[in-house]
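To start, the structure under review is shown below, and the notes come after it.
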Protein chains: 2
Amino acid sequence: MSDKKGSYRQERANLMAVAKYAGVSAMTVSRVLNQPGKVAEATRKKVQAAVDALGYVPNLAANTLRRERSGVIVALVPTLENSVFSDTVQGISNALEQEGCQLLLGCSSYSPEREEKLVRALLGHRPDGIILTGTLHTAETHKLLESARIPVVEMWDIAADHIDMAVGFDNFAAGHDIASHMISCGYESLGYVATSPEHEIHENRAAKRSKGIYAAVAEAGIGMPARQNVRNPLDIADSGVIAADFVVANPGLDAIICANEIIGVGAIAELQNRGWQIPDQIAVCGIGDANIAALVTPGLTTVQFYGQDIGKRAAELILDRLNGQQAAEGKQDVGFRIVSRASTAEKPS
Amino acid sequence: MSDKKGSYRQERANLMAVAKYAGVSAMTVSRVLNQPGKVAEATRKKVQAAVDALGYVPNLAANTLRRERSGVIVALVPTLENSVFSDTVQGISNALEQEGCQLLLGCSSYSPEREEKLVRALLGHRPDGIILTGTLHTAETHKLLESARIPVVEMWDIAADHIDMAVGFDNFAAGHDIASHMISCGYESLGYVATSPEHEIHENRAAKRSKGIYAAVAEAGIGMPARQNVRNPLDIADSGVIAADFVVANPGLDAIICANEIIGVGAIAELQNRGWQIPDQIAVCGIGDANIAALVTPGLTTVQFYGQDIGKRAAELILDRLNGQQAAEGKQDVGFRIVSRASTAEKPS
DNA sequence: ATGAAAGCGCTAACAG
DNA sequence: CTGTTAGCGCTTTCAT
């Protein structure tokens, strides 16, 4: 007759079950959970006891349906294998937790098509905001985001035009400044070990950095760098061999700029294996998107990015917007930093 | 009169809107989306056109409410700053994408209390499954998981008793085997640079590895290792200094075992700074939870774990269960591997 | 301070 | 092959 006291295995309790157990209406239970101040102390206690007894966990799907707010924020990154992006996600996660929001995560594998698919699927959960990586999206993605009518943040690049808000830095400047740094160190016969043109099509941040490098070289009036592409820019050993072969094949070089830290670290290791002195015979620098530059010997000179900060700010931009604080700055530049380590030196001229 | 053609800015369309636009019932639209085979070709095309025209994105909150299935899997990891866990999440994400499931992610910061909070909040979204890290959970977490009635996977450790399914390896054995390896290399005056007893309380996987180390030493009948704890086991520089000080303070040591790779890498760097020859004057090994052992020179001997594989299998266990394939093995041991690098050597006795 | 009714968007179950 | 009805669990609105 009475399973009121839950003597046998209860089904997942809902509001109504809690209400019955406590002898009140569903609405009262809802109030206890959401606006405890509006309920009499005695009632509140009764209801709370019922909630505890039944192990009630509110169904947020129903909640989302009724209020038009899910408490969920979507974030899309290219990959988590790259530590700057996992740092970014950690930053987002931390910031969201403060506000009791949840993180729905997707990995686009550097593919705008996959990103589009993910956006479509994830938007179905009616997130309160969405954070994307980069500025390169399909036309359909743009449409989807527009009709979603939610705050959108694009991370990791500052462009002229953004869907909504943005947090990142000037990738062109990052490439430009590391090349300038090398030039000001006295290196004048530069090689560039890049990812690949195909990769740069889908990763226009890398493309912008490349352009920055070429621009700096052009400004300095030294010869354009020889360029070598690597096959798999996330494979240290493979990239290192390609970089070292490149150095061997171009005897005039005094320094190489590597498009990322994986390549840079690989190059240092492999060049040293082959007996090259770094930086005396060949200097090496990277562009920081892996946070491993400090681990090798000699340390890799690099451009340091602030992944976790980018994530934190991206989430904050969303949250501020949701809290009605129309962000003063919808576009935030977190900058970058040239970190000079022993893989480069001031070259006596 | 008619905004049928969406001449002005339409509100977010729902099933009914699509149905009206296409001149069919809501149910037919639903069928086109979910069981296209059951709808006449002509109707299907009409409806599809309406879906496209209105940019309709199904509301999954309603879906979740009605069917009792959300397509969402929850994963909880301690942190993403540690690359093994970001690899794990990547593995989960990849596996889920195959099946069109979405990933709701939380970071517990190694705190069972925070984990409990997250479990409670995330369970509200009615995930179809949940993946946790480790076997250490509050009593309340256990209750919550039990009443959720969904597949549960515990990752990164294989224990005698699991909530439901598990994928990981024997942490005791990992500690035991790396210590045995060192002993078999001929080192006999070992130091142990551990995290801290407080840390091990909440990270019982580390505690198990410690026990494994002590057990191996006891078996070998050599003296118990001197132990030094580090303050912040995720800070390379800080850990390195502490490890090096420890070596200096214990002149008899011929090798140190570091509780993780961060400490190991830091120790190598700092000891070299101070002029120590590795492994001749002091050998160093780590326990792999950061995947950075190969980057330093000399390479750090370590126990390699398979983070991405663990994540992949964890997700597959969930998915298999959801697809009704009662997994043959609810407990999967993915093992680990001792990787011997130049930070240790066969010691001539 | 509390309750009753209605409906958010969708699909299972049943017509036809 | 297509449509109607009802209801998933919750909160908004309006009464009391």
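Just so it is clear: chains get the letters A, B, ... in the order the sequence lines come, proteins before strands, and each one is counted from 1.
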Taken to the nearest 0.5 Å, the spacing of A/Ile318 CD1 from A/Ile150 CD1 works out to 7.0 Å

According to side-chain hydrogen bond (donor to acceptor under 3.5 Å, both in side chains), does anything in residues 154-163 of chain A pair up with another residue at least two apart or in another chain? List the pairs. A/Thr88-A/Trp156, A/His137-A/Glu154, A/Glu154-A/His162, A/Asp157-A/Asn171, A/Asp157-A/Lys208

Test of understanding: with ring-ring contact (aromatic ring centres under 6.0 Å, His included), list the residues that count as partners of A/Tyr110, not counting sequence neighbours. A/His199

Give every residue pair that meets the salt bridge (Lys or Arg N to Asp or Glu O under 4.0 Å) criterion with at least one member in residues 68-81 of chain A, sequence neighbours excluded. A/Arg69-A/Asp128

Return a single string for nucleotides 8-16 of chain D, one symbol per nucleotide in 5' to 3' order, where B is base contact, S is sugar-phosphate-only contact and - is none, cutoff 4.0 angstrom on heavy atoms. BBBBB----

Is A/Ser111 reaching over with its side chain to a backbone N or O of A/Glu113, donor-acceptor style, under 3.5 angstrom? yes

Name all pairs fulfilling the side-chain hydrogen bond (donor to acceptor under 3.5 Å, both in side chains) condition that reach into residues 94-108 of chain A, sequence neighbours left out, sorted by first residue then second. A/Gln90-A/Asn94

Give me the first and last nucleotide of DNA chain C, going 5' to 3', that has any atom under 4.0 Å from a heavy atom of chain A. C/dA1 to C/dG9

B/Thr43 side chain near D/dT2 phosphate (N/O to OP1/OP2, under 4.0 Å): yes

N/O donor-acceptor pair under 3.5 Å between B/Ser147 side chain and B/Lys143 backbone: yes

Would a distance-only check, ignoring hydrogens and angles, find a side-chain to backbone donor-acceptor pair under 3.5 Å from B/Thr133 to B/Met155? no

